[in-house]
Structure formats: structure tokens, C-alpha cells
Amino acid sequence: MLNNLLVSVGFNPEPLDVFAIIIAGLLSNNIILVQFLGICPFLGVSKKPGSALGMGLAVTAVMVITCVVTYPIFTYILVPLGIEYLEIVVFILVIAALVQMLEMILKKFSPGLYSALGIYLPLVTTNCAILGIAEKVIAYTVVDGVITMTYTLTSAVLQGLFYGLGFTLAIVLLAGMRQKVDKLNIPKSLKGFPITMITACFMAMAFYVFTLLK
Amino acid sequence: MKKGRLKEIALDGVIRQNPTFRLVLGTCPTLALTTAAASCLGMGAAVTFVLICSNVIISLLRNVIPDKVRIPCFIVIIASFVTLVRMFMQAYIPDLYATLGVFLPLIVVNCIILGRAEGFASHNPVGESALDGLFMGIGFTLALTAMGIFREVLAYGTIFGSDLWTGPVIGVDPQTGATAYGPKFTIGFFGSNAGAFLTYALFIAVFSAIYNAVERKAHKKAARKASLAAAAVAVEEVQNAQ
């Protein structure tokens, strides 16, 4: 149904399965608990559910915009020029510039949203989840020197959106658990990072079940 | 370089500010790659190389780079070296290149490297910055490899890819005469994602417990020395008064 809807508004998502991307992004291929990308903010910004949600939404927004921008840059500029190997340098610069621009736009047009997300935006630049997804969606195969992209632009953007939402889901869930866990009386050397990781360990066990959905 | 500075930098990098266990930086590759000790060594070597090179270049340019645009400059320098490492590995060590996968380009956003660029190389001379990069890299590699060995032994019963033990003998192959072994006894949990989090948590907890105990002992020793010295001074004063 979602596929039909997308076709009716002009997207041509074939041979793309939107449902599969949603399940993979949110659950079975969750960017944090299954792929281990973006662990630093996951452990660092998960003290309160509110700030976790802010961080999650900032990551999602930047991830979508990154996919929208880096995919065409790779296919229409780097590949024709034969300089695919520059992708790391180009992508990281594009991401840094995008984050800076998003921060300026939010500050000017939406101060409310800026005060909610603004402090998390600079952290997003060096978040490996963003660069990881940008690298993932430009996967390609080379046959006889001809480069064929694995995903279409629509698929790349949808993946950016749902992996970002998967990130939000995981970080908000962890923040909810930390509200209780941080109040417990535990050995001194387990306080801080170790107990957070043990909490994440149980989450990873739960998400392991989803990986069987594939 | 001042005398004793080398020892200080080495101790900082490997123990006092160990990037993995004390600062908890660069967690993504730590969790994802520690299922095999060999890939930990490869990742550690790549990170160490990038750390040394970027520290040297950033330290050389520390008076040239304007303060306002320093972070983008640092990132471009780091990204160039990561691209170099990536091309080298793709050409000469394709197996390792495939194992490290997406975590090789992600060295760019590894907080250890940007953290050392910002916190050390941008205001220290070249020699010290290079040494700092080297020892931080060694600290990272040692930590990763220790976790890698722990997980690999428990989850697969191997170390650097070679078998440590075999399953029970279940008979002899009638055609070849080779002994047939049953399934190995292993704890597969440690190879899973949940096992990665648990292992990392245990390693940090044990490391900080030992570290704090040693620190406390050193403090006590210093305090005792100070109190002995004070007592000696007091005795001397009393003798002088008499």
C-alpha cells in the first residue's frame, strides 16, 4: 500500500520494498544495537529521555539530509570523474557543512526547535552513525569497470530516515531504563559507563530476536 | 624534551588515560571488531598510524591553522590519512580490508583521533605529539586485543584463528582414518552483540577497580612518607629546644 502511495505521488520505489526498510531500520538491523554505529552519543546523551529524544531527532534529521546530498554527489560528481576514493574526505566535509547550515537555519527560522535540538547538532558531525549510513547507501558493484549502484536515491533517503528513527528508538529506550538503573546501589567500579553498557547488553539481547526476522 | 616526559606520555597513553578503558572513546570499533583478536590488531595498527601522522601534521601546522576553523582542518587532515590507509589495505591486505568493513572509513570520526588533535597536538611540539600518538595508539591496540582474545577464546575456542581445544572424540572416519570430533564446548553468547556490551562493561569495571586500588596505595604511601617526615622534623625541633 505504501508502495502504491509513493508511486501515486511520483516516486518510483521499485524494486524497493518500503516495509522491509522500515523493519530493518527500526528493529532487525538497528543501527546501534545490531550494527554498533553511533555508540558514543548512545552512552553519553542518554541520561534523560527528553535529551535522548532531542539527540535522536537531530541525528535523524541530519541523516536524511546527508543521504539526500551525498548520494547525488557520489553518483553524479565523484563516479563520472573517477575519484570515488575521495569519498571519505568529501562526505565528512559535506556533513560538517550541512550540520553548520542546519544550525544557522534553525537559529534564524525556528528558535524554539533550535533551543531543543541546537546543543546536540555540533555533536552530530563526529557521530559515526551519519558517516556510516552515508557510506552504506552508496554501496556499489563494479562489473567490467562499470559502476552499478545497489540502491536508488529513494531507497537511500528512506534508509536514512528509518535508520535515524531506529537510533531514536534505541536511545530513548536506554534513557528510560537509565532513569531507574542510575538510582540503584551498585559497586563503585560499575558506576557510570559499565552499568549503562550492561543495560545496553540486555537491550541487545532483546533486539537479537528481531534479527531473526530477516 | 624534558627528562621524564617520555615516561609520562607513555604512562598516560597506555594506562592513566587509556582511550578505551579510562576515556571510553572510540567505542564503536571496540564493540564491533572484538570478536576476533586478529582484526583487533589490524584496527589498532590502522588507528595508531593515523594518530601518529595526524598528530605530527597538526602539531606542525598548529601556529598556521586559524582557531575558528581548526576542527574542519583537523578533520580534513585525518580524512586524508584514513583514505591512504584504506587504499593501502585494499591493495595489499584485502582480507583485513573486508573484515574491518565500514569501520575502516569510520576511523575519521573516531573520537580518540580528534580528541588527541584538539587536546594534545594543537598545543604541543612535534616530537611529543608523535610520541603521544604512538602511545595512545598502543593503549588502544592493547585494550582492543585483550578484549578480542577474551571474546574469541570464550565464543569460538580459538586464539588468533588457531584452535585452543577440540570437541570430544566421537569416532574414527572409516575411509580416511582421521579422528572425528564432536562440537566444541564454547559460550556463543560472547560472540554476540549483547556479549560485546557485557565484555566491555566487565573490562572497564575491572580496569578501574585495579587502577583505583593502585592509586589509593600510592596515595597512602605518599601520605605515610609525609607524616614520617613531619614527625622527624618535630623530633628535631624538640631536641633543639632541649
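Taking 4.5 Å as the heavy-atom cut-off, none of the residues of residues 165-182 of chain A approach chain B.
Here B:Arg86 does not pair with A:Glu84 in a salt bridge; the nearest charged N to carboxylate O distance is not below 4.0 Å.
Nearest heavy atom pair, residue A:Cys128 against residue B:Leu106, reads O-CD2, 3.7 Å. A pairwise comparison of heavy atoms in B:Ala79 and A:Ile92 identifies CB-CG2, 4.1 Å as the closest pair. Closest non-hydrogen pair, A:Pro194 versus B:Ala201, comes out as O-CB, 3.4 Å.
How far CD1 of B:Ile204 is from CD1 of A:Ile195: 12.0 Å, rounded to the nearest 0.5 Å. Note that CD1 of A:Ile88 and CG of B:Leu84 are 10.0 Å apart. Values are rounded to the nearest 0.5 Å. The structure places OG of B:Ser208 at 8.5 Å from NZ of A:Lys188, a figure rounded to the nearest 0.5 Å.
Contact of A:Tyr85 with chain B is made through backbone and side chain together, with heavy-atom distances under 4.5 Å. Of the atoms belonging to B:Tyr211, not a single heavy atom falls under 4.5 Å from chain A. There is no contact between B:Phe203 and chain A, counting heavy-atom distances below 4.5 Å. Contact of A:Leu93 with chain B is made through the side chain alone, with heavy-atom distances under 4.5 Å. Of the two parts of A:Ala200, the backbone and the side chain both hold a non-hydrogen atom closer than 4.5 Å to a non-hydrogen atom of chain B. For chain A, the nearby parts of B:Leu198 are the backbone and the side chain; heavy atoms of each come within less than 4.5 Å. Using a 4.5 Å cut-off between heavy atoms, A:Gln35 touches chain B through its backbone atoms (N, CA, C, O) alone. The parts of A:Leu33 that come within reach of chain B are both its backbone and its side chain, each placing non-hydrogen atoms under 4.5 angstrom from that chain.
Under a cut-off of 6.0 angstrom, the local environment of NZ in A:Lys48 is sparse, with at most 12 non-hydrogen atoms contributed by other residues, nucleotides or ligands. The environment of CZ in B:Phe160 is crowded: more than 12 heavy-atom neighbours from other residues, nucleotides or ligands sit within 6.0 Å. Surrounding NZ of A:Lys107 are at most 12 heavy atoms belonging to other residues, nucleotides or ligands under 6.0 Å away.
When B:Ile78, B:Val24, B:Val108, B:Ile75 are compared by the number of non-hydrogen pairs under 4.5 Å with chain A, B:Val24 comes out ahead. Of the listed residues (A:Gln100, A:Glu87, A:Lys191, A:Met203), the greatest number of heavy-atom pairs within a distance under 4.5 Å of chain B belongs to A:Glu87.
A:Phe36 has its ring centre less than 6.0 Å from the ring centre of B:Phe197.
Side-chain atoms of B:Asn193 come within 3.5 Å of backbone N or O of A:Val34 as a donor-acceptor pair.
For the side-chain contact (heavy atoms from CB on, under 4.5 Å) with B:Cys28, the qualifying choice from A:Ile32, A:Ile39, A:Asn127 is A:Ile39, the only one to do so.
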